[in-house]
Amino acid sequence: MVQNCMFGTHRVIDPPHSLPQPAWKLDNTMNLHDNELLIDVETLNVNSVSFAQIYNECSGDKGKMADKIMKIVDNRGKLHNPITGTGGMLIGKIKEIGRSYQNPHRLSIGDKIASLTSLSLTPLKIHKINNIHMNTAQIEVQAEAILFQSAPVIALPSDLPLTEVMAVLDEAGALMQAWRLVQENDTVLIMGAGGKLGLLCAFAARKKLGTTGKIIGVIKTKDSRKHLQESGVFDEVIQTDALKSMNALHDIFKADELADITIDCINITNTETVSVLTTRPGGIVFFASLASNYNISSLTAEGIGRDVTIYAYKGYSEGHAEFAIQLLREHAKLRQMLRARFDRNTRMKAQAMVGSPIDLNSKVLKSFGIENFVFESEEIKQVLNNVLRVAMYDCTILLTGESGVGKEILAQASHKASSRSNSSLIKINCGSIPPHLLETEFFGYEGGSFTGARNQGKMGIFEAAHGGTLFLDEIGEMPIDLQVKLLRAIQEKEIYRVGGIKPIKVDVRIMAATNKNLRRMVEEGNFREDLFYRLNVFPVYIPPLRQRKADIIPLASFFLNKYNHKFQMTKSFMPAALSCLVDYSWPGNIREMENTIQRILINSATDTISEADIMDNISYVKSSSPQPNIIKQNVMKNSLEETEINILKEAKSKFKSTREMAKFLNMSQSTLIRRLKKYNI
């Protein structure tokens with residue numbers, strides 16, 4: 001029990017008996033246990049990866065960002081971003097000290113301290129957010145927090161500005177780790193040297209190198225190049241895009257020289273490959289950012305036969321806070337550069353941090369395996385941007401929307417854009433498998449565990465998807481007794497085969513999809529609330545086709561060309577037929593449209609598809625569909641317009657001027673001109 005209280009297990013609500021960091025929810029009531037500290041929180045320093053994700057999701061709107069942060073804390077009892085898996089740190093004053101709290105630093109009530117424990121495992125209650133500083137990722141709050149006996153803290157120095165101290169403490173573990181890994185005379189390559197973490201790691205490396213060795217900084221834009229060159233810490237600064245591995249390799253090392261140690265400080269994935277490529281055999285690669293993917297770097301090193309030692313950011317090191325503060329004291333230039341970063345234009349800084357919207361051109365769509373995903377509407381552009389952006393984070397996605405809107409293809413795109421793209425995407429439709437077979441499909445079974453079981457047993461989809469992505473379609477159809485076992489597999493990252501007694505570790509990313517209202521199902525007792533929150537980490541709603549009419553004609557044309565080619569036809573739509581397609585509400589969405597277009601091509605008698613052909617092949621199966629008489633009225637209107645167009649075209653072919661045309665058609669010249677403009681003739 002003493003150990004539990006020391007590490008905070010007694011504060012874990014969901015799942016019980018877990019440690020606070022991996023737990024989904026903590027008890028954030030501020031009733032102090034005997035060996036805890038109660039803190040009056042003044043400032044939260046949000047992890048840069050988390051802050052960038054929140055900024056992007058909220059389009060930089062401070063009010064929305066504040067609401068998002070409050071929602072995370074309300075739902076989880078801590079500031080633990082469920083998408084990035086990261087937190088931050090806090091600064092505040094000691095409000096109360098538990099009777100049994102061992103006080104190694106001799107702290108007193110009223111002392112101002114910084115917690116070196118991540119906000120991802122700190123019970124927190126925010127009463128009010130006063131301000132969000134975009135350029136520092138720091139938030140002024142009225143809040144309270146609980147620190148456990150095991151939580152390291154440090155008294156804040158009085159001789160240094162708070163903003164600068166928080167900036168270095170937030171990265172203190174990485175700085176000390178970089179300092180320990182660098183050796184005298186090393187050639188040190190720092191990826192992302194223009195960011196705060198890259199700058200700090202450079203000063204830590206120079207502390208070890210002294211006047212020996214060489215530090216090369218790699219940046220993406222030229223804006224900060226001059227500042228880095230003037231810092232006195234870099235020997236060379238190179239501008240290149242680290243996401244383009246071979247180009248970056250060429251730009252960084254045009255000769256045969258490779259780095260003794262590469263420190264990757266870039267806060268996005270997909271730079272791991274170039275970090276390995278730029279490091280000599282026998283050298284070191286250190287990923288200082290939590291955003292990097294250790295698995296990709298290992299597979300890259302294996303694939304090219306490069307014997308390098310790979311280190312991931314390990315967090316706490318004894319004395320790392322004191323080391324970071326001393327580094328700040330020793331280098332006036334570092335303090336000056338940090339201040340300059342904080343004084344830059346806030347909006348531009350935040351935009352640079354999160355990047356601009358993805359250019360959804362054909363090349364990009366092909367790279368994500370969705371070149372046949374047809375859209376024109378702004379609604380789908382936004383949805384696709386969100387799906388591709390969040391793909392870099394190893395979080396659960398819940399795709400919702402009516403049947404046939406394209407949930408599966410978006411799941412495929414998210415997998416392809418993720419760091420798991422080289423591993424399997426396993427799909428299962430929870431509604432298509434009999435309930436009594438679902439458990440063995442999910443978890444497999446041991447040999448001889450039931451009548452008819454194979455002697456050698458069978459692997460389930462969780463094991464098959466290990467290292468990759470598991471897409472659970474129609475998750476709302478899953479029986480509630482199996483939901484319990486699915487929840488356990490997600491939160492514990494292990495499964496038991498049916499008939500088995502040995503736990504099997506599984507590493508999968510979950511994506512789920514449904515056309516049902518899971519929140520309502522939770523209220524009705526048909527879906528577990530705890531599983532819903534695990535799945536609903538990043539919800540993506542895909543609007544139906546009737547709410548994005550800009551996609552209807554492009555989709556119709558795509559399917560027309562597809563089945564013209566398949567059936568060796570050359571059919572086309574009349575304008576009135578296209579209008580009819582736009583007017584229809586498509587209750588079955590894209591799936592219904594594809595089947596309808598295919599049926600129309602087979603059934604239509606001529607090469608020109610008319611509105612009558614559309615009417616004959618559209619079925620009115622839902623009350624939400626337009627009434628047939630409304631469609632017929634529109635068809636009549638379109639037919640009249642089509643007749644008028646043909647008359648105008650014929651007149652234009654016979655007469656050279658609008659005056660002659662008007663006389664022939666028995667209308668005024670001005671009326672004729674308006675009609676010609678209306679139909680773009």
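Count residues from 1 along the sequence.
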_I need the minimum non-hydrogen distance between Pro15 and Gln491, along with the two atoms involved._
CB-NE2, 3.2 Å

*Any donor-acceptor pair under 3.5 Å linking the side chain of Thr122 with the backbone of Ser118?*
yes

*Testing Val41, Leu37, Leu38 for side chain to side chain contact (heavy atoms under 4.5 Å, CB included) with Lys95, which one passes?*
Leu38

*asked:* Whether the side chain of Ser414 engages the backbone of Ala411 through a donor-acceptor N/O pair (distance < 3.5 Å, no angle test) should be reported.
replied: no

*Can a salt bridge be assigned to the pair Glu494 and Lys505 using a cut-off of 4.0 Å between side-chain N and carboxylate O?*
yes

*Does the Ser59 side chain pair with the main chain of Tyr55, one donor and one acceptor, at a distance under 3.5 Å?*
no

*Between His466 (side chain) and Asp507 (backbone), is there a donor-acceptor pair under 3.5 Å?*
yes

_His127 to Ala143 - nearest heavy-atom pair and separation_ = CD2-CA, 3.9 Å

*Ser120 and His80: side-chain donor and acceptor closer than 3.5 Å?*
no

_Non-hydrogen atoms of Ala512 and Phe471 that approach each other most closely_ = C-CE1, 4.2 Å

*Indicate whether any N or O donor in one side chain lies under 3.5 Å from an N or O acceptor in the other, for His320 and Glu171.*
no

*Between Ser100 and Asn35, does any side-chain donor sit less than 3.5 Å from a side-chain acceptor?*
no

_So which atom in Asn103 and which in Ile97 form the shortest heavy-atom distance, rounded to 0.1 Å?_
ND2-CD1, 4.2 Å

*asked:* Using a strict threshold of under 4.0 Å (side-chain N to carboxylate O), is an ion pair present between Asp34 and Arg99?
replied: yes

*Determine, stepwise, if the pair Ile113 / Leu147 fulfils side chain to side chain contact (heavy atoms under 4.5 Å, CB included).*
CA-CA 11 Å; Ile113 59 97; Leu147 299 183; 4.1 Å; yes

*Looking at CE of Met459 and CD1 of Ile504, how far apart are the two atoms once the value is rounded to the nearest 0.5 Å?*
8.5 Å

*For the residue pair Thr400 and Thr514, confirm or rule out a side-chain donor-acceptor distance under 3.5 Å.*
no

*Heavy-atom donor-acceptor pair, Lys78 side chain to Gln21 backbone, under 3.5 Å*: yes

_So for atom NZ, which belongs to Lys25, do other residues, nucleotides or ligands contribute more than 12 heavy atoms lying within a distance under 6.0 Å?_
no

*Is Arg519 salt-bridged to Glu529, going by a charged N under 4.0 Å from an acidic O?*
no

*Fit a plane to each ring of Phe442 and Phe462, take the angle between them on a 0 to 90° scale, and name the class: parallel (under 30°), tilted (30 to 60°) or perpendicular (over 60°).*
tilted

*asked:* What's the separation between atom CG in Leu487 and atom CG in Leu482, rounded to the nearest 0.5 Å?
replied: 11.0 Å

*Can you check whether Gly85's main-chain N or O pairs, donor with acceptor, with Asn81's side chain at less than 3.5 Å?*
no

_Using only atom types and a distance under 3.5 Å, with no angle test, would you say the side chain of Gln483 pairs donor to acceptor with the backbone of Met478?_
yes

*asked:* More than 12 heavy atoms of other residues, nucleotides or ligands under 6.0 Å from NZ of Lys71: yes or no?
replied: no

*Closest approach of Gly468 and Ser423, non-hydrogen atoms and distance?*
CA-CB, 3.6 Å

*For Phe527 and Ile475, work out which heavy atoms get closest and say how close.*
CE1-O, 3.6 Å

_Treating Ser115 as the side-chain partner and Thr117 as the backbone partner, does any N or O pair qualify as donor plus acceptor under 3.5 Å?_
yes

*More than 12 heavy atoms of other residues, nucleotides or ligands under 6.0 Å from NZ of Lys208: is that the case?*
yes

_Test: Lys516 and Glu477 ion pair at under 4.0 Å_ = yes

_Euclidean distance, Glu322 CD relative to Gln326 CD, rounded to 0.5 Å_ = 10.5 Å

*Between CG on residue Leu486 and SG on residue Cys430, distance to nearest 0.5 Å*: 8.0 Å

*Below 4.0 angstrom, N of the basic side chain to O of the carboxylate: do Glu42 and Lys112 qualify?*
yes

_Any carboxylate oxygen within less than 4.0 angstrom of a Lys/Arg side-chain nitrogen, looking at Asp530 and Arg488?_
no

_Side-chain heavy-atom pair Val165, Leu328 within 4.5 angstrom cut-off_ = yes

*asked:* Do the side chains of Asp394 and Arg420 get close enough for a salt bridge, i.e. N-O under 4.0 angstrom?
replied: yes

*May I ask you to decide whether Glu36 forms a salt bridge with Arg11, counting only side-chain N to carboxylate O separations under 4.0 Å?*
yes

_Working to the nearest 0.5 angstrom, can you tell me the gap between Asn56 CG and Cys58 SG?_
9.0 Å

*Check: Phe148 ring centre within less than 6.0 Å of His10 ring centre*: yes

_Within this structure, what is the CD1-CZ distance for the pair Ile510 and Arg534, rounded to the nearest 0.5 Å?_
12.0 Å

*Any sub-3.5 Å donor-acceptor pair from Glu463's side-chain atoms to Gly444's backbone N or O?*
no

_Hydrogens and angles aside, do Thr440 and Arg497 bring a side-chain donor and acceptor to less than 3.5 Å of each other?_
no

*Audit row: Gln53, Thr86, side chain to side chain contact (heavy atoms under 4.5 Å, CB included) steps and yes/no*: CA-CA 11 Å; Gln53 188 279 319; Thr86 54; over 6 Å; no

*Using the six-membered ring wherever Trp is involved, compare the ring planes of Phe323 and Trp179 and label them parallel, tilted or perpendicular (cut-offs 30° and 60°).*
tilted

*Step by step, work out the side chain to side chain contact (heavy atoms under 4.5 Å, CB included) result for Gln177 and Phe286.*
CA-CA 9 Å; Gln177 200 170 350; Phe286 169 42; 3.5 Å; yes

*Where the side chain of Asp111 meets the backbone of Ser108, is there a donor-acceptor pair that is under 3.5 Å apart?*
yes

_Between Ile126 and Leu124, is the side chain to side chain contact (heavy atoms under 4.5 Å, CB included) condition met? List the steps._
CA-CA 6 Å; Ile126 300 178; Leu124 177 69; 4.0 Å; yes

*Is the count of non-hydrogen atoms from other residues, nucleotides or ligands lying under 6.0 Å from Glu318 atom CD greater than 12?*
no

*Any chance NZ of Lys416 has more than 12 other-residue heavy atoms, nucleotides or ligands included, within less than 6.0 Å?*
no

_Quick check on Tyr311: does its OH atom have over 12 non-hydrogen neighbours (other residues, nucleotides or ligands) under 6.0 Å away?_
no

*Can you check salt bridge (charged side-chain N to carboxylate O under 4.0 Å, His left out) on Asp14 and Arg76, steps first, answer last?*
CA-CA 9 Å; Asp14 179 22; Arg76 306 199 66 178; over 6 Å; no

